[in-house]
Structure formats: C-alpha cells, structure tokens
Amino acid sequence: MATEEVATDDVAEDELMAESATPPPGFTGIYGQVTDAQTKETLIEATVKVVTGGQKSVLTDVDGNYQLALPPGKYDLRVFYDVYEGRRITGLVVEQGKATKLDVQLSADAGAVQEVVVEARADRRAEGAILQERKKAAAVSDAISSQEIARTPDSSASDAVKRVVSATVVGGRYVLLRGLGGRYSTTLLNGAILPSPEPDEQAVPLDIFPTTLLANLNILKSYTADLPGTFAGGVLQIETNNYPSQFELKPRISFSGDTQGTFRDRTSYNGGTLGWLGFDDGTRQLPASVPRNGPLLAGRGGLTSADVNRITRDFPNTWALSTARALPNMTLGASMGDTLRIQNQRLGYLASVNYSHREGVRISDIIRPEGDADGTGVIVDQVGRSVEGTESANLSGLLSVGYQPERNLDLSFFSLFTRTGESRARAIRGEEPNGEPNSRSTAEFVSRMLTFNQLRGFHRLNVLGDMELDWQANFSNVQRDEPDTHSISYRQTESGEMRFKSDPGGERWYSTLNESSFGGSLNATVPLSGVRVRAGGLAQGSVRTFDMRRFRYIYAGGNLPVLSQDPDRIFSADNIGNGIEMQESTLPEDGYDAQLGLFAGYVNADVSLWEPLRVVAGVRYEASFQNLTTGTDYSIVASQAKNTRQSYGDVLPALNLIYALGPQVNLRTGYSYTLARPTFRELAPILYFDFVRGRAVTGNPELVETRIHNVDARAEWFLGDNEVLAASAFYKRFQNPIEQIIVTPAQLDLSFDNAPAATSYGLELESRVGLGRLTPVLESLRAGANLTLTRSEVDLGTSAPLQTNQQRPLQGTSPYVLNLNLTWARQQSGTELTLLYNVYGERIAEVGTQGLPDVLERPFHRVDLALSQQLGKNAQLKLTATNLLNQFIVLQQGDLQVLKYRPGVAFSASLGWNL
C-alpha cells in the first residue's frame, strides 16, 4: 500500500487514489492527475518523478494528467510544482498489465517565493499570480503586474509605479517609496543591482523602461537579510517579460499627443539630423582640434592666442534658436517568443524591440526670490517666462533565453538595451532686479544608455532534502553624454536694445559619464523539516568616470555693433579674435573617478514549526567602500587631485513574523536595521548649473552613511484571486540622514548635508475588490483604492543653524498619497474601461536657509481614462486620455510661486496584434 513520507498534511488513501483519465489498454505503470488542493484546478507541467526503484520522470499535460509507464515493481514517487510543496509517496506497487491510479493534490508552499524568483515559471504578468506571491512572501510587499498596467494609460515604468501603494514619482522619472528616494532605495533588475545613468541621482530613471518590457513591478517594504542593505523606503524589483509557453508574435503601434504641444510651435535648434532617433550625428561633438592633453588656453601647452582663436572657429556656430511644428508622438514595437520542447527538455526565448519618438512644449513662469532686508520674509529678485521645446527618442530591446535540460537544472541568459536621447531648446525672458529686461537661451542634448546582461542558474540537488542552489552573474554599463550644452544671455541697455551680456557671456559645456558594474551572487536553500535555511553571498563592484569641460565666450572690448544681433552673428568666424574671445573655464573639480565595492554574506531562516506562526529571521554582513578622486587635465587652475574614501562594515539584522489567522488572512510585523550610502554625485565637489532655476548644485565630500531602524506591521485579507484588503503601519528612525539644502541664499545654490536624526512613520490602506460582492448588478465593476498617510520630522540639533526651519518634515515626503481606480469589463465583447485618480500632498522640494522658506511642491491631482477593446481573437485597440484636470505643477517658496507650468492633457491610441 502506498504511504506518504514527506507531506504537509496527512492524506487518506482514497484521496490519493481518486478517479483519473483511463490509460490505454494493456498499460503497465502509474497514471493520474495533479491538482491544487485548495482550488481543485489542474496543474500543468507538474513533475512526477521516480525517486526509488527507477530513474524516470514525466510532466503533466494541459489537463494535469500524466502517465508513467513502469515495469512491475515497487516504487517511491516525488510530485512537485512551482509555488507548491512537493509530496513524496512511497510503496506504490505496479503489477504486469495493470494501471495503478494516483491522483495527487498539492498545497501552496508558504516558503516558495524565492523559488519562484529563481525559476520564473509562474505567469508573473498576471494580477492573481502576483497576489498569491504576496500572500506567501516573507516580507511586506506591494506590486503591480503587467495585466494591471495594461488597464492604465501608462507607457513607462515611471508612470506605472505611482499606482503602487505609497509610491510617488518626482520629475517624471524617479520613484519615492514612502516619501524616500535616491540613496534610500535600491532598484533591482531581475534580482541584480541596477546602476543609474544619471550623474546627479542614485535612483534609476524609470522612464527608460517601456511598460511593454515589464512583467511586474514589485516593492518590498520590509527587509529580509537576502536583500541589499541599502534600504529605507524599500526595494523596487523590476521583472522583465520571460519567454512564453507557446509561440507568439506581437507587433504594436501607437500615436499620442497633448494639448500643450502637439501641432504647436516648439522651440528648437540646429543640432544635427539624427535627433528623431535620439542620436547625435557628430554636430555637437567637441571639435577634434581642441587639445585633449590640457586646457584650451593661451600660454598653456604651447598654445598662442592665434591658436586659440583658430580652434574657437572650429566650434559649431549653432546658437540661434528656431521653431518647429510639434508632431504627434509615435511608438512602434514587436515581440516574439516560444518554448521548444524536446522530450523533457525545454528551450525558451523571447525577443522584444521598441522605438518611440516624442515632441513637447513646456511654458513655465519662473521667479527667483531672495531674502528681504530684515531677514523675515522673501521678495522677488528676478521674474521670467521659459518657453521650452523638447524632442526625445527611445530605443530598447530585450532578449531572454532559457534552457532546461532536466527538471532539476535551469539555465537562462538575459540581455537588455535601452537608449534615450533628448534635446531641449529653451528661451527665457525676464527682468533684472532693477526692472531691466533680460533674456537667456539654452540648448542641450542628453543621451542615456543602459546595457544589462545576466546569466542565471538554478540547480536542485538530491542531497539534504533536495537542496537548491541558485546563482547569477551580471555585467552592466551605463553612459550619459551631454555634448555642447550652450547658453547665452542678453540684457536691455539704456537705449532700449537687447545686448549680449558678457557676464556670464556665452557658455558651452561638454560632459560624459561612463559607469560599468559587475558582480554575482550565490545562494543555497536547504528545505529542512519545518525550516527553510537560505544562505549566500554577493560581490558587486562599479567603476565610474565623469568628465566635464566648460568654455566661455567674452566680449574683449572695442566698438562691436554686432553685440545687439543674433548670437550666430556675434560668434561668427569674423568676430573671433576681433572683439570676441573664448576661454576655457574648466575647474579642477569638473572631473572625477569613482569606485564602489560591495561584499555581503547572509543567512536567513524561514521557520514554520509553530503554525500558524511563521518566523523569518536573518542577519547580513555588508562591507563596502566608496572611493572618489577629483581632478582633470583640463583645469585652468593648477590643483592637486583630491581623494575621498569611505569604507564601512555593517551588521544588518532582520526579523519578520507572519501569523496566519486563516488561509486568506495574514498578520505581519517586522524589524530591521539598514543603511543608506551617499551617492557619488553627493560626495563630488562638482558644480552643476540648473539653467531653468538659475543656480548651482555642488556635492559635499564630508557626508557620512545613514543608518535606519525600520519597524513594519500589516494585516492583509485576500478575498479572492484578484482581491485584497490591507492595512499597514511603519516607523523609521534615521541616524545622519542626507538632505539637499540651500547654502547661499543670494544665489540659491544647493548642496548636501547630514542632519543628526529624523523620524518617519505612517499608515497605508489598500483595497482591490469586485463590486459584484455587493450586488450582482455590479458584477462587471472592479474598484481599487490605496491611501498613504505619512508624517516625518528632522532633528537638526545644532549642526544646521543656517536652516530656516529647525523643525520640518523630511525633504520629499508627502503627508498623503491617494490612488483610486474603477474598472468596468464586459467579457462577452472584450471591452474594458478604467478611470484612475492620483494625488500627492505638499512636500519639500528644497530646504531653505538663512530666512528663506523651504521650497514646497504643491499637491497635483491627476485623472486618467483608458479604454481597451478586443478586436476579434488576435487584435486589441486601446484609447487613453491622461491628466484630464490639467492642473498647474507649482513649486512655492513663501508666498511666491517660483516655478509654475501646465503639463497638458494627453491622448493616445494604440493597436496591438497577437499573430
């Protein structure tokens, strides 16, 4: 008689020997069906393996059935499936000419979340699958699946992530989790740490990821020891699409526009012919004649004034701005994938490519304030209006290949490429403090590129209760290129004409950033009786190089009437050396080399001995160093290289408790001690100029690491496959938090500093339900809502006497964030209509000093609408309208609105096929 040796529950013989499909006549062996113990649904491609008496295994078919032909004898079987607890059945007797029936029910594995991450077999694009993982997760987490994203108008990860509880987005690119971003959060791409292509941000700009590449976005809000120690707001896990189970070819096309810019004149400039692809055709590159071994300066490197003038004439004379008609935005994409099966082996692949082109217009009102005479308020220093035109293009591609020669071995390779090129042309007209009109024009082009490659492996070993090994090795490279950003200023003379302003003059900047990151990790999981022990290590390193060169045109004297003309006339070849001269103005701090090394080891135990209590406890040791050396060969000032080196060793404990009140209800609580490191940009004493706001930003090499105590609690009730109710609370205590502050009130220049301490605590509420629970009339409606209430306070002590407010919230923290959505779906016609609402509360954008108030970002209400319609079996049409309220985005300082603009109402139409 068959008996069960390893199982989570005792199962009667008649349960194992249920009715199943009849095998062919004369069949000798074992047959049956594998199903979910709770839902009774059949499990496709579950493994039935002979572990004693033979060496054979088989996968269940699309109906969950299997047939395992065996010679007469006595056998032990093991039945297992992803996200489920495996079962071992012993003593099965097979007789000649007889079929032994064995139907097996598998129960969900409470500790299988990490296995899913490694094997990636579940459809992680589905909302129900994500909620099931969340229910069984060791940590407090929230996620949005590609199925949910498809109901929204969101086109990039930065748009989609704001739908997640307590997530907000700053600048349309950077995510804040529980009001914390940048250094306080980590972005993982398929489990590997992802570097940022931005020199001024640690946070990865999420607008480089089109939603078509995403399987899901998952935010881990409580810490476990197998995660990177940089944790406060949370960890954002980006998971890209994996290869499909059957062949698919999906082309798609979309068009969009907005009321602010489409079919209107946008400011532009002559920057080359490949802007529509996001590439520079060489027009903006630094001329080859410019010396690469020293500054462009007479008397240096054997250069004479005549040499400098000759080289200056080689710079492109592309100063004048023009106008172009802003055309509708366009996106093209296609993906193809399949899984090939040869006996029990599988080879899967997915290839995806996307291209998008966008044009836009932004009209902003700007006020530059200063403190009043008695230091009690703020007055207007300068006012102006900025008219900005943009053109951007994004190219991205993804390749995923997986090979499974047997059930216990899985190898995969993943490669991602994404590149964004954006040109901006901006004309600003305003007034000097004395009321005289002035104007400034700037033109810039920024390209950002990310390549990411990862090789992963998973092995199940027949030792220590089927111990599992998983590993990954990764290499990534980010590049940011800003060639020939240039700016020129005019002001009105007494005669009323606008004249070239020699101070600051005409300025040009060239900057490049290149960062390579490489590393790997190895983890071992031992599933003991009632305990899953997981231990592993990680090594990750990155090397960054940043270089900037600055050049300045000045008026050298003499009667030059051309100074009142267009800049292309002022800087024509005839005037170079004849009243107009160029000087290199690169500073010693305008270049740096930086390295980051991270080495970690951890052990984590997932204990379920005291059901319904589950204990997940672990400790991580993380050693790191940051090394930054400033200096450049192009500096006009002799200076020695300056080195900033910081190294840390941190012990990071974590404890999570999960108490199951029932199969669908969890109570969670947890504590952890984590850290946040200053970014390279925050450490580097490099001056960066903000053209729109007219001020400089510089780093602080004296910054130190921040340490954080985290406490979390959550109650969650999973009502159905796609339904959940949850309430969460959190508390965080920061030691030495890093903040951006105003350091020179006269110029409003910014830097960074450590405050002594800070606290942050809050409440999160979430609901996703089908309204058919209330009445059958509402069966076709689904509603979702989430609300985050946060309160934070910085303890400045005596370390920041210049700051205006000694008691204030943490910079970037909104007191509330609200998301609402309502979806109507009619399955018979394939129609789905979704209405979405998002708002965040007022938050500090910049910390004020010496009497100047904090700069506050005012609340912004956004309403979106999305309609999707299935067209036959293989096509879908999607229509969207976003930002229907068209509110102003406002930054306010005291009573002054220092920045104000409308983003516009946007519309889009997309068509996709599944061939």
Side-chain angles (χ1 to χ4, degrees), residues 171-172 258-269 319-326 359-370 378-392 422-444 485-493 496-501 503-507 564-567 689-696 747-750 845-846 852-853 855-858 860 883 885-906:
D258 61 73
T259 57
Q260 192 68 24
T262 305
F263 296 125
R264 298 192 178 191
D265 288 340
R266 66 173 176 87
T267 309
S268 181
Y269 77 105
W319 293 83
L321 302 184
S322 58
T323 59
R325 185 60 55 90
E359 299 182 21
V361 175
R362 175 181 293 178
I363 301 175
S364 307
D365 292 321
I366 305 165
I367 294 178
R368 180 182 170 92
E370 66 177 12
V378 59
I379 60 175
V380 175
D381 179 22
Q382 295 185 34
V383 297
R385 167 162 284 200
S386 168
V387 179
E388 177 181 282
T390 62
E391 181 182 17
S392 64
E422 183 176 47
S423 63
R424 293 179 179 270
R426 184 184 302 113
I428 302 176
R429 295 187 177 274
E431 294 181 355
E432 300 280 354
N434 60 7
E436 293 181 352
N438 63 20
S439 67
R440 183 170 75 250
S441 63
T442 62
E444 60 187 273
T485 292
H486 49 268
S487 174
I488 184 173
S489 299
Y490 287 78
R491 71 175 172 185
Q492 186 172 292
T493 64
E497 65 178 2
M498 299 298 291
R499 189 175 178 86
F500 171 62
K501 187 177 179 181
D503 183 16
E507 299 174 290
S564 299
Q565 298 184 9
D566 291 338
F689 195 74
D690 180 346
F691 295 108
V692 175
R693 303 288 303 284
R695 76 278 177 86
Q747 287 79 34
L748 300 180
D749 292 342
L750 304 176
E846 298 160 12
L852 279 175
V855 178
L856 304 176
E857 184 176 359
R858 299 287 295 164
F860 182 75
N883 192 33
L885 300 181
N886 197 22
Q887 280 194 311
F888 282 102
I889 291 178
V890 177
L891 296 184
Q892 187 155 336
Q893 191 167 21
D895 295 329
L896 300 178
Q897 294 181 342
V898 296
L899 180 65
K900 179 180 178 181
Y901 66 91
R902 286 190 191 273
V905 180

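Note that the coordinates shown come from a computational prediction; the quantities given were computed from them, not determined experimentally.
The shortest heavy-atom contact between V361 and D265 is CG2-O, 3.8 Å. When all heavy atoms are compared, the tightest approach of G904 to N883 is O-ND2, 2.8 Å. Of all non-hydrogen atoms in P903 and F860, the two that sit nearest each other are CG-CZ, 3.9 Å. Looking at every heavy atom in both residues, I488 comes nearest to P567 through CD1-CB, 3.6 Å. Here the closest non-hydrogen pair linking G261 and A326 is O-CB, 3.2 Å. Residues Y269 and A320 approach most closely at CB-O, 4.1 Å, considering heavy atoms.
Inter-residue side-chain proximity for Q897 and R858 is flagged as unmet; no heavy-atom pair is nearer than 4.5 Å. The shortest side-chain heavy-atom distance between I363 and Q260 falls under the 4.5 Å cut-off.
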- Query: Hey, mind stepping through V890 and E857 against side chain to side chain contact (heavy atoms under 4.5 Å, CB included) and telling me if it holds?
  - Reply: CA-CA 6 Å; V890 177; E857 184 176 359; over 6 Å; no
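Judged by distance alone, with hydrogens and angles left aside, the side-chain atoms of Q893 form no donor-acceptor pair with the main-chain N or O of D895 at under 3.5 Å. No side-chain donor-acceptor contact under 3.5 Å links N438 to the backbone of Y490. Remark: side-chain polar atoms of S364 are not paired, donor with acceptor, to backbone N or O of S386 under 3.5 angstrom. With hydrogens and angles disregarded, no donor-acceptor distance shorter than 3.5 Å links the side chain of D365 to the backbone of K900.
Annotation for R902: atom CZ counts as buried by contact number, over 12 foreign heavy atoms lying within 6.0 Å.
A distance of 13.0 Å separates CZ of R491 from CD of E497, quoted to the nearest 0.5 Å. Rounding to the nearest 0.5 Å places CD of E359 at 8.5 Å from OG of S423. How far CD1 of I367 is from CG of L899: 10.0 Å, rounded to the nearest 0.5 Å. To the nearest 0.5 Å, atom CZ of residue R362 and atom CZ of residue R426 are 9.0 Å apart. Separation of atoms CD1 (I366) and CZ (R429) is listed at 13.5 Å; rounding is to 0.5 Å. To the nearest 0.5 Å, the span separating OG1 on T485 from CD on E507 amounts to 11.5 Å.
The side chain to side chain contact (heavy atoms under 4.5 Å, CB included) with E391 is formed by just one residue from the set R424, E422, R266; it is R266.
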